[in-house]
Asks: 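I'd like to ask you about the structure that follows.
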Protein chains: 2
Amino acid sequence: MAPREPRAAPAVAEENTREKILEAAGEVFADQGFEGATIRAITERAGVNVAAVNYHFRDKAELYNRVVLDACSVSAAMQKTMAEAVGSPEARLRSLVYHFMEYLLDPTRPDWRRKLKAREMANPTAALDELVEKNLRPLREEFLLPTLGELTGGCFSRKELSYIASSVMSQCLYFLQYQPIIERLNPDYYTPGKWNIEEIADHVTRFSLAALRELTRQARRS
Amino acid sequence: MAPREPRAAPAVAEENTREKILEAAGEVFADQGFEGATIRAITERAGVNVAAVNYHFRDKAELYNRVVLDACSVSAAMQKTMAEAVGSPEARLRSLVYHFMEYLLDPTRPDWRRKLKAREMANPTAALDELVEKNLRPLREEFLLPTLGELTGGCFSRKELSYIASSVMSQCLYFLQYQPIIERLNPDYYTPGKWNIEEIADHVTRFSLAALRELTRQARRS
DNA sequence: TAAAATGTCAAACAATTGTTTTAAATGAAT
DNA sequence: ATTCATTTAAAACAATTGTTTGACATTTTA
């Protein structure tokens with residue numbers, strides 16, 4: 001029997017069984033993937049009964065969906081800081097890049113969220129659609145593209161701007177998705193788990209702004 | 001269900017069972033991942049018996065290893081074209097980007113290689129070490145970093161150059177790894193499965209060269 | 001030609017999978 | 001105290017998993 005709407009206060013003592021499952025499932029799914037993770041591994045780590053998953057969530061698939069959406073949902077805090085971004089287009093781009101990277105790499109949160117995002121992007125399920133529509137597309141359409149348009153003074157078509165936006169976003173995403181490669185390729189100045197977000201965001205912004213300035217200059221010349 | 005094959009003569013000569021398994025395993029592993037793929041799905045697609053996998057390969061794990069290493073090995077052709085790259089640093093960077101993207105996206109080969117690479121990078125096994133050491137590091141150390149050094153006239157430290165190299169590579173890798181996102185984000189000018197490598201490589205090169213030129217100019221000014 | 005070797009197959013194996021069932025607790029409402 | 005929905009737990013379920021078995025057919029070897 002499925003749990004009904006919280007009409008009244010939760011009957012039995014701990015509502016935390018559900019939360020314990022979500023937390024444990026995040027770790028196991030990130031490590032083993034959807035197929036590799038077993039309900040028994042999840043419930044064991046959570047210290048609850050096997051049947052709890054099918055009770056609190058319809059089945060394994062819905063549990064996975066819930067976990068992915070929770071892990072990928074952009075925090076309200078970031079939404080706000082981006083919406084509030086003011087000042088010169090350069091400053092706005094810098095703020096955008098910084099907060100996007102902060103969202104991607106957030107070192108204050110357990111690392112399984114990063115793994116799960118990477119896994120989902122490399123091997124998408126239905127959850128990716130929501131991730132794109134709710135997080136990435138608004139970021140791009142409402143903040144990134146307009147800002148890039150300003151920075152280039154309307155010199156470029158939408159398609160060209162789209163490519164440029166990809167170049168900016170790709171640099172941010174690189175440090176999320178390719179962490180296993182970066183660890184191997186740059187062991188000299190990369191210490192695992194400790195991202196220098198400030199430094200990375202600074203480079204990405206500088207590199208991108210430099211490209212934009214030069215591209216605009218070239219476009220104006222012709 | 002006994003399709004009753006026409007007494008297919010199985011004997012010593014038929015080495016192609018092994019090849020059929022490898023090909024089918026590539027597709028299934030790319031689609032379902034290691035855990036999600038079942039030996040029965042593989043052998044069914046290959047049109048061979050279930051026991052064939054355990055006969056020709058020790059077990060499922062060894063089959064996966066064999067498939068991944070085959071898929072990720074860089075072609076000798078690309079090694080050669082990169083080694084032969086001559087001309088101005090700008091031309092060399094362009095050639096580098098183009099051939100790297102060609103290696104990543106190679107549309108003449110079945111798409112499961114791309115998927116498998118993406119999967120491996122997001123969720124590395126021991127095979128990733130070989131991929132990095134044999135493919136990515138030589139590319140970076142022998143071709144990318146020296147070329148970038150020339151283009152910036154020695155204005156930057158190794159660490160700064162390393163960041164710049166990351167920016168260039170990230171743009172290339174983006175179109176490999178984030179294909180599911182690109183499909184959703186840019187349905188207007190992206191047609192699934194048909195990459196315009198020429199166009200993408202052209203943009204990446206132009207964007208990167210523009211950034212390098214402006215960055216160098218700024219560095220010289222101070 | 002006889003015997004060993006090789007490759008393939010259907011069938012069965014033991015283990016594990018996600019899920020369901022059944023029953024026992026628990027706390028709030030009557 | 002009784003009722004009742006909600007939550008947990010143990011056991012059983014049917015299906016699927018990777019792997020092994022043993023027989024059969026073919027080739028190679030001697």
Asks: Relative to the 5' end of DNA chain C, which residue comes earlier, R58(A) or G36(A), by the nucleotide with the nearest heavy atom?
Replies: G36(A)

Asks: In residues 159-166 of chain B, what donor-acceptor pairs under 3.5 Å come from side-chain atoms, sequence neighbours left out?
Replies:
{"unit_1": "K159(B)", "atom_1": "NZ", "unit_2": "E199(A)", "atom_2": "OE2", "d": "3.1"}
{"unit_1": "E160(B)", "atom_1": "OE1", "unit_2": "S157(B)", "atom_2": "N", "d": "2.9"}
{"unit_1": "E160(B)", "atom_1": "OE1", "unit_2": "S157(B)", "atom_2": "OG", "d": "3.3"}
{"unit_1": "S162(B)", "atom_1": "OG", "unit_2": "N186(A)", "atom_2": "ND2", "d": "3.1"}
{"unit_1": "S162(B)", "atom_1": "OG", "unit_2": "Y189(A)", "atom_2": "OH", "d": "3.1"}
{"unit_1": "S162(B)", "atom_1": "OG", "unit_2": "R140(B)", "atom_2": "NH1", "d": "3.1"}
{"unit_1": "S162(B)", "atom_1": "OG", "unit_2": "R140(B)", "atom_2": "NH2", "d": "3.4"}
{"unit_1": "Y163(B)", "atom_1": "OH", "unit_2": "E199(A)", "atom_2": "OE2", "d": "2.9"}
{"unit_1": "S166(B)", "atom_1": "OG", "unit_2": "S162(B)", "atom_2": "O", "d": "3.2"}

Asks: So does H56(A) get a side-chain nitrogen or oxygen closer than 4.0 Å to the phosphate oxygens (OP1/OP2) of dT6(D)?
Replies: no

Asks: How many whole angstroms separate atom CG of N16(B) from atom C1' of dG7(C)?
Replies: 11 Å

Asks: Taking CZ from F34(A) and P from dT17(C), how many angstroms apart are they, rounded to a whole number?
Replies: 14 Å

Asks: What are the two closest non-hydrogen atoms of H56(A) and T17(A), and how far apart are they?
Replies: NE2-CG2, 3.9 Å

Asks: Please give, in whole Å, the distance from dT8(C) P to R18(B) CZ?
Replies: 11 Å

Asks: Run through R94(A), M101(A), Q171(A) and flag the one making a side-chain contact (heavy atoms from CB on, under 4.5 Å) with T205(A).
Replies: R94(A)

Asks: Which nucleotide wins on minimum distance to the side chain of V48(B), given the candidates dC9(C), dT20(C), dT7(D)?
Replies: dC9(C)

Asks: K60(A) side chain: which of dT20(D), dT19(C), dT8(D) is closest?
Replies: dT19(C)

Asks: Roughly how far, to the nearest 0.5 Å, is the CG atom of L93(A) from the CG atom of L144(A)?
Replies: 7.0 Å

Asks: Under 3.5 Å, is there a donor-acceptor pair between the Y103(B) and N135(B) side chains?
Replies: yes

Asks: Using atom CD of E44(A) as one end and atom C1' of dA9(D) as the other, report the distance to the nearest whole Å.
Replies: 15 Å

Asks: Nearest-Å distance, CD (Q32(B)) to C1' (dG18(D))?
Replies: 16 Å

Asks: Considering only side-chain heavy atoms of T38(A), which listed nucleotide, dT17(C), dT6(C), dT7(D), is closest?
Replies: dT17(C)

Asks: Over all strands shown, is A61(A) touching base, sugar-phosphate only, or nothing at heavy-atom distances under 4.0 angstrom?
Replies: nothing

Asks: If you compare every side-chain N and O of T17(A) against the phosphate oxygens of dT8(D) (OP1, OP2), does one of them come in below 4.0 Å?
Replies: yes

Asks: Give every pair of a protein N or O atom and an N or O atom of nucleotides 10-15 of chain D that lie under 3.5 Å apart, one pair per line with the distance.
Replies:
{"unit_1": "dA10(D)", "atom_1": "N7", "unit_2": "N49(A)", "atom_2": "ND2", "d": "3.4"}

Asks: Counting neighbours of CZ on R66(A) that are heavy atoms of other residues, nucleotides or ligands and sit closer than 6.0 Å, is the number greater than 12?
Replies: no

Asks: Picking from dT6(C), dT19(C), dT19(D), which would you name as closest to the side chain of I39(B)?
Replies: dT19(D)

Asks: For the residue pair N65(A) and E130(A), establish whether any side-chain heavy-atom pair is separated by less than 4.5 Å.
Replies: no

Asks: Given atom CZ of F57(B) and atom P of dG7(C), what is their separation to the nearest angstrom?
Replies: 13 Å

Asks: What integer distance in Å separates K20(B):NZ from dT8(C):P?
Replies: 8 Å

Asks: Round to a whole Å and report the spacing from CG of N54(A) to P of dT21(C).
Replies: 11 Å

